[in-house]
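Let me begin by presenting the structure, written as structure tokens, before commenting on it.
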Amino acid sequence: MLAVRGRAVARLTAVVMASGLVVTGTAAATASASVADGSAPGEGGAAATLRGLQADASGQAVVREGGAGRTVQAGLFRMDVDDGGTLQTYSVDMDNPARTEARYQETPWRGTSLAANPDAGKIRWILQNSYPQVNDLDVLAKKAGLTGQLTNGTAAAGTQVAIWRYSDHVRVEAVDPQAERLADWLEKKAKKLAEPRASLALDPSVVSGRPGRRIGPVTVRTSADRVTVTPSDDPSVTGVRIVDQAGAEITGDVKDGSRLYFDVPADALDGTAALTVQATTPVPVGRALSGESHSQTQILAGSSDSTVTAAATTNWSKQGAAPAVTEAKDCAGGGVDITARNNGDKPFTFELLGVEYTIAPGVSRTVTAPVTEDQAYDLTVTGPDRFEKAFQGVLDCRTAGTSAPAQEQFTTMLAPTTAGGASAGATGTTGSMSAGTDLAETGASGATPMIVGLAGVFVALGAAGVLLLRKKSH
């Protein structure tokens with residue numbers, strides 16, 4: 001069982017830093033792990049770079065706040081996928097900045113503001129029943145009961161407005177009458193749908209055990225028809241095979257639900273190994289994409305065939321504890337879940353945030369480390385035999401509409417980018433904008449990042465003195 005040894009939370013292992021929002025051109029720490037037992041993978045799936053709003057698929061909308069209104073751009077974003085592929089996305093986080101050239105990772109809803117949003121399923125319905133999934137605009141106009149024609153721009157603007165009404169729960173209207181009528185129809189017709197499966201993920205992403213035995217399983221979760229498995233190319237790892245449940249070495253492709261094991265030789269010294277899986281597939285509509293530098297959360301609206309990857313690691317030891325430690329952002333729980341599994345024959349004791357926990361053999365437990373919204377975190381898990389695993393990232397669980405009311409006074413008219421990501425120029429209060437500019441392309445004004453960042457500093461200072469640790473069974 002999970003035992004807490006009576007030590008007060010005397011030191012702050014989680015380093016809460018000022019948000020990357022106040023640093024132009026500098027990304028906040030990305031989710032990664034530096035570990036003594038190998039490099040831990042992330043969630044897996046599509047990794048992409050935000051190129052900007054599509055010039056031919058956007059329009060204007062007005063957000064009504066306390067009697068005043070501010071004008072924003074509303075439409076489809078384009079992302080380029082690492083190693084090939086293109087994504088089209090809408091915003092589900094309208095007042096946070098959308099940073100051109102920001103890095104994004106496919107993310108489960110639990111790691112975004114959608115986790116606690118009862119209307120998240122309605123957003124997926126809108127995506128499946130509007131542009132660009134319905135790309136015959138005459139058909140879409142007929143379904144919506146519109147008498148006039150739709151264009152790519154009005155269809156995209158109306159779709160984005162309908163999404164914002166459910167993602168941010170704000171009063172927002174499309175400027176174009178046709179776009180507004182489409183938004184009203186989508187909002188009225190929307191029904192709750194389940195979260196789509198990942199394009200590609202491995203569950204769990206870290207396993208442990210004894211040499212001479214199959215270590216695992218690691219289960220493949222994917223929407224692709226087939227997945228290619230690649231063992232570690234580390235020359236120091238010899239004799240480790242990737243096998244199936246029967247012990248047969250995997251030499252071809254696998255599919256959704258396949259169970260993978262690390263077959264470690266009995267005479268292997270204590271060590272680590274890794275495997276990577278890759279597939280080419282469209283990313284499912286409705287998958288969330290989270291920015292690594294606190295850039296506006298996006299949701300998948302359309303996808304070409306894209307290269308997606310996931311990875312898993314294992315560590316083994318001949319005797320004693322055999323820990324496997326992973327993290328997952330938990331927006332519903334308000335923190336980062338640290339899960340420790342012990343597949344050894346002796347208890348594993350680790351320390352997190354100045355508190356010690358003991359995991360018995362064969363037991364798995366999760367500890368939720370509270371993390372301040374919009375702030376970078378650095379959580380380090382330490383254990384015996386120089387065990388150390390660090391997790392860094394930014395918890396972005398709220399839309400700025402609820403966390404940054406100071407933005408309400410700004411009116412913004414920002415230019416969409418072309419499909420390739422170049423700016424088409426800007427009008428209104430913000431002047432011109434080019435690729436890489438740290439401005440919101442939908443929602444917030446150019447001053448918003450500074451306001452949110454300064455507010456985050458004060459929140460972090462207050463939170464540091466009252467940091468609590470919540471535990472829960474896994």
Side-chain angles (χ1 to χ4, degrees), residues 27 30-32 39-54 76-93 98-115 120 123-124 127-128 132-133 163 194-203 205 218-230 253-256 275-312 327-329 331 393-394 396 419-421:
T30 61
S32 61
S39 296
E43 295 282 0
T49 301
L50 182 68
R51 298 306 184 194
L53 277 169
Q54 295 182 200
L76 270 176
F77 286 89
R78 169 182 164 148
M79 292 188 188
D80 290 340
V81 180
D82 294 358
D83 300 320
T86 301
L87 307 179
Q88 291 176 301
T89 64
Y90 286 109
S91 161
V92 287
D93 185 12
R99 301 184 180 192
T100 312
E101 304 303 319
R103 298 277 301 146
Y104 275 77
Q105 178 67 49
E106 184 181 340
T107 305
W109 286 2
R110 71 171 184 268
T112 71
S113 58
L114 298 175
I123 297 171
R124 188 185 178 198
L127 293 166
Q128 291 188 333
Q133 287 301 301
I163 288 171
E195 178 179 3
R197 67 171 66 185
S199 64
L200 183 61
L202 292 175
D203 180 29
S205 60
V218 174
T219 303
V220 178
R221 310 292 188 193
T222 184
S223 59
D225 293 331
R226 60 181 184 175
V227 176
T228 301
V229 180
T230 305
D253 293 335
V254 297
K255 60 184 181 179
D256 180 50
L275 68 85
T276 301
V277 294
Q278 187 173 88
T280 300
T281 181
V283 179
V285 171
R287 289 295 290 173
L289 292 112
S290 180
E292 294 181 350
S293 57
H294 191 68
S295 186
Q296 190 175 89
T297 304
Q298 302 282 305
I299 194 163
L300 200 286
S303 171
S304 68
D305 280 345
S306 300
T307 301
V308 294
T309 60
E327 73 154 342
K329 293 179 182 179
C331 284
V394 176
D396 185 6

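Hydrogens, waters and symmetry mates play no part in the numbers below; they use all other heavy atoms, side chains included.
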_Do R110 and C331 make a side-chain contact, defined as non-hydrogen atoms from C-beta onward lying under 4.5 Å apart?_
no
_D203: side-chain hydrogen bond (donor to acceptor under 3.5 Å, both in side chains) partners, not counting sequence neighbours_ = none
*Identify which one of Q296, R78, Q298 satisfies the side chain to side chain contact (heavy atoms under 4.5 Å, CB included) criterion when paired with T89.*
Q298
*asked:* Strictly below 4.0 Å, N to O, side chains only: are K329 and D396 in salt-bridge contact?
replied: no
*What distance separates I163 CD1 from I123 CD1, expressed to the nearest 0.5 Å?*
7.0 Å
*Under 3.5 Å, is there a donor-acceptor pair between the side chain of T281 and the main chain of A279?*
no
*Side-chain contact, heavy-atom cut-off 4.5 Å: Q278 with V308?*
no
*Euclidean distance, T297 OG1 relative to D93 CG, rounded to 0.5 Å*: 4.5 Å
*asked:* Once salt bridge (Lys or Arg N to Asp or Glu O under 4.0 Å) is applied, what residue pairs with a partner in residues 278-291 remain, sequence neighbours excluded?
replied: E106-R287, E195-R287
_Going by the rule side-chain hydrogen bond (donor to acceptor under 3.5 Å, both in side chains), which residues pair with D82 if we only count those two or more places apart in sequence or in a different chain?_
R103
*If we ignore angles and hydrogens, is there a donor and acceptor under 3.5 Å between the side chains of D80 and T49?*
no
_Side chains of V277 and L202 in contact at under 4.5 Å (non-hydrogen atoms)_ = yes
_Heavy-atom pair with the smallest gap, counting every atom of A46 and L87_ = CB-CD1, 4.5 Å
_For S306 and T86: C-alpha separation, side-chain torsions, deciding distance, then whether side chain to side chain contact (heavy atoms under 4.5 Å, CB included) applies._
CA-CA 7 Å; S306 300; T86 301; over 6 Å; no
*For P282, which of S199, S223, S303 qualifies under side chain to side chain contact (heavy atoms under 4.5 Å, CB included)?*
S303
*Kindly write out the residues that satisfy side chain to side chain contact (heavy atoms under 4.5 Å, CB included) with V254, not counting sequence neighbours, or none if the list is empty.*
V220, V227, V229, I250, S258, L260
_Which atom of D256 lies closest to which atom of R221, heavy atoms considered_ = OD1-CA, 3.4 Å
*asked:* Quick one: does any side-chain atom of Q105 pair with a main-chain N or O of G44 as donor and acceptor, under 3.5 Å?
replied: yes
_Inter-residue atom distance L289.CG - I299.CD1, 0.5 Å rounding_ = 9.0 Å
*With sequence neighbours excluded, tell me which residues meet side chain to side chain contact (heavy atoms under 4.5 Å, CB included) with P132.*
L76, Q88, Y90, A301
*Distance (rounded to the nearest 0.5 Å) between S295 OG and Y104 OH*: 3.0 Å
*Identify, with sequence neighbours excluded, every residue that meets side chain to side chain contact (heavy atoms under 4.5 Å, CB included) alongside D225.*
none
_Quick check against the 3.5 Å criterion: does S290 have a side-chain atom that pairs as donor or acceptor with the backbone of T107?_
no
*Separation of W109 CH2 from L114 CG (nearest 0.5 Å)*: 6.5 Å
